[in-house]
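Labels below follow one simple rule: chain letters A, B, ... track the order of the sequence lines, proteins then strands, and each chain is numbered from 1.
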4 protein chains.
Amino acid sequence: MAATKRQAGSSATRTEARAAESKQSSSQRRQALVEVAAELFAESGFRATTVRQIGEAAGVFSGSLYHHFDSKEAIADEILSTYLDGIVREYKSIVKEHTDPGTALRELVRAAFASLEPHRAAITILQNERSYLAELPRFAYLTKVENEVRRIWVKVLDTGIAQGSFHKDLDTKLTYQFLRDAIWVAVRWFAPSGRLSVDQLADQYLKLVMRGIELDSDEAPRLW
Amino acid sequence: MAATKRQAGSSATRTEARAAESKQSSSQRRQALVEVAAELFAESGFRATTVRQIGEAAGVFSGSLYHHFDSKEAIADEILSTYLDGIVREYKSIVKEHTDPGTALRELVRAAFASLEPHRAAITILQNERSYLAELPRFAYLTKVENEVRRIWVKVLDTGIAQGSFHKDLDTKLTYQFLRDAIWVAVRWFAPSGRLSVDQLADQYLKLVMRGIELDSDEAPRLW
Amino acid sequence: MAATKRQAGSSATRTEARAAESKQSSSQRRQALVEVAAELFAESGFRATTVRQIGEAAGVFSGSLYHHFDSKEAIADEILSTYLDGIVREYKSIVKEHTDPGTALRELVRAAFASLEPHRAAITILQNERSYLAELPRFAYLTKVENEVRRIWVKVLDTGIAQGSFHKDLDTKLTYQFLRDAIWVAVRWFAPSGRLSVDQLADQYLKLVMRGIELDSDEAPRLW
Amino acid sequence: MAATKRQAGSSATRTEARAAESKQSSSQRRQALVEVAAELFAESGFRATTVRQIGEAAGVFSGSLYHHFDSKEAIADEILSTYLDGIVREYKSIVKEHTDPGTALRELVRAAFASLEPHRAAITILQNERSYLAELPRFAYLTKVENEVRRIWVKVLDTGIAQGSFHKDLDTKLTYQFLRDAIWVAVRWFAPSGRLSVDQLADQYLKLVMRGIELDSDEAPRLW
DNA sequence: TATGAATGAGGTTTCATTCAT
DNA sequence: CATGAATGAAACCTCATTCAT
């Protein structure tokens, strides 16, 4: 990368590097900065990441970030809203398409796992900094969207119980929390380059929990 | 309480109050400070809590904390090691006492849930600040203890499979992670004064996951 | 106006708009920028106004200002020197035309009030930022011109005393300061659209001070 | 002063200096810092003075100021409210004591002039930064107090007209503005060590304006 | 032991200015 | 000429820690 060539204090080198990079458009640059920041947020969290670190990782001075973003929070905002917009849309499309609660739930779980890797930063921030951010007016929407997501999942669970395909002794709100938390928290240790692919991860997880949810959920139907 | 006597700005009154309080031994004072800090850490996290906040909450000036602790990290250290020492001892005692894997796993889960409330701060720190702290030499033991705990849980799962009482298609390491994460992460929203007691919470959770682990795990044995 | 055509974020549209506007000559453009800046300086002061604000108000990017001006100070320079050149010329013409000190003084006061509105920015800057600017070599002329102005006013006052038409116990330098300050400072609250026109304002002021300056200054001549 | 002994980077020297200074109590130190800041504010204005400058002038690091004050604004707040509290009390006592409008007005003017030197910073801030500060919630009281002061002065002027001792063609609100502005603005150039004492200044000013206010205000009574 | 003033590094943000395109 | 990304210094402020009293 250009950044690695750069020597601190050498503005000549710096300028050359800039020239080499600057083929990209404004929105591309902005997007690149968001991605750099996201990586750092995913690694260390939002508050623990400094704008100077973001700048260094992006090969610019921290002040330059403010040409593209109003504040550090604005970067987080972009990361979070991109994630939440997408995931809500996806969840909605899943429950629209799959009327069977068991299938719908499996697809929701798979979608949630699939979002881990591309949205590592957003999920990390939501887990660690949620209570801090939710107090800020700028992030008031977080609570709203979370409620929306919860309603979608809980409705699937409720429907499953009503139809007689899910265990009726489940506390559906609680079950949703357990499901979501266990998936999301995996963002901390899940590395797609590791032992397991995200699909394998989702399958293992579904094995673990679906037998506790569905009345008759073994892959091989029971014969008794 | 002494605190009510205190008039803002009157350091004389402050000193008297201190004197009245200081009937307690040094280790009692230390313990009280740890508890105050723990509450704040549980609420806001380790890095987000300032030593000044701890001092204020404890009724002393921030500088005074350094007579009892080397650093802010030392307080976290005390909180974490107390928790980890206790939970490891408890887990060991459980697996010693219960040779049946199903029972042992249920007890481990119940113990984990039971630790949420008394060790809210430790668990919060482990979740949010673990990666930051684990890099510090002082907290090198974190990884060791975590490995120890994992071995205990995984051994129970492995034994269950070997004995034929647990599903043999479970990835035991992964299953441990899912189990632990879903329990721990509940520290964020579980309030014992709320809708559910910790026992009810554990029961709901066991219902959800044990059917996915045990081959025949309904509380009421199936009669067909 | 071109501004209404512009869509935020569309640089293409922006460029077209620029083209449409650029029928004006370079000096016209420069003059327009000065006026935009002046309005902002008058409202918020010189230092508190950023070049970005100027650019936005003028419909260009801040960097573009530097094609017309060396620096932000250069804009202030233009505003100040335009004002000072004009006012000095006017004062000189007044004292040339009116040999009677009373009439001359009245005209000076009226001219000073009349300058408030068209030169709000210059007067605001001179009041709030004078000491900061006067240290810069570029603004060394400020002190010179101010001395020149003072000499003009004081000479009128001295002449009035020498001729026996002004109170002889006046400290003329001090009186000048009082007169000038009270007029200039009105720039902060005087709004020509308000209760009073600039002429009415000047008249009220003359009523207040001329009786303290002239020996016999009532509008209706005294008969004793 | 201790500060002059200090060499940058020499913490030994620094510590000695601190020791020599530290005979003072907390509130004394606070007061000393306010005075240091006030001097700088008076010289350069509130915004143009940096906390580093205040720190340097006080012989501490800028961060140390925040041990005593919440913010730079808090320092200005202290300066302003001290001034305003005092001047309002003084004005009230004057109008209470002097029922004759002429005498009362003279005393108000004298009090205003007398406040110039001890409250140079407050008056400078009020003149240059008023519109900026008044928008901040913390300084909402500024407008209130200013209104109170205006009412006091205007009432004296109104009473004088009603009693027939002041010219009835005065716009009293406007006259108040002229009076106050001309006095306050003198803070910029008045140096008590200069040619004139504050009393002489007030006298000259009274000579200038009182003849325009009172119907019969010559020192030597007219005989017609 | 407690105080509380001070440190000093580092946090986010602002802004006049430069310059390749 | 205009753009707009970048600079880099400097702004205000925070905070764990130290230390003389």
Taking the nucleotide of DNA chain E with the nearest heavy atom to each, does D/Leu33 or C/Ala48 sit closer to the 5' end?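 Closest to the 5' end, via its nearest nucleotide, is D/Leu33.
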Please figure out whether A/Arg47 or C/Arg47 has its closest DNA chain E nucleotide nearer the 5' end.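 Looking at the nearest nucleotide for each, A/Arg47 comes out on the 5' side.
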E/dG10 base / A/Arg52 side chain donor-acceptor hit below 3.5 Å: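 For A/Arg52, whose side chain was compared with the base of E/dG10, there is no donor-acceptor pair (under 3.5 Å).
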Can you tell me how far [atom2] of [N] sits from [atom1] of [X], to the nearest Å?
X	N	atom1	atom2	answer
B/Leu136	F/dA16	CG	C1'	14 Å
B/Phe61	F/dT18	CZ	P	19 Å
A/Arg29	E/dA20	CZ	C1'	15 Å
A/Ile54	F/dA6	CD1	C1'	17 Å

Please examine the side chains of [Y] and [X], heavy atoms only from C-beta on, and report whether any two atoms are closer than 4.5 Å.
X	Y	answer
C/Leu80	C/Leu133	yes
B/Phe41	B/Thr124	no
C/Leu33	C/Ile54	no

Measure from the side chain of A/Val60, starting at C-beta and using heavy atoms only, and say which of E/dT17, F/dA16, F/dA6 lies closest.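 Among the listed nucleotides, the one closest to the side chain of A/Val60 is F/dA6.
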Which of residues 63-72 of chain C sit near DNA chain F, with a heavy atom under 4.0 Å from it?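 DNA chain F contact set from residues 63-72 of chain C: C/Gly63, C/Ser64, C/His67, C/His68.
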Testing A/Ile75, A/Thr49, A/Thr50 for side chain to side chain contact (heavy atoms under 4.5 Å, CB included) with A/Leu40, which one passes?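 So, applying the side chain to side chain contact (heavy atoms under 4.5 Å, CB included) to A/Leu40 and each of A/Ile75, A/Thr49, A/Thr50, only A/Thr49 qualifies.
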Note down the inter-axis angle between the two ends of the helix from E/dA2-F/dT21 to E/dT21-F/dA2, five pairs each, to the nearest 10°.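 Computed from the C1' atoms at both ends, the axes differ by 10°.
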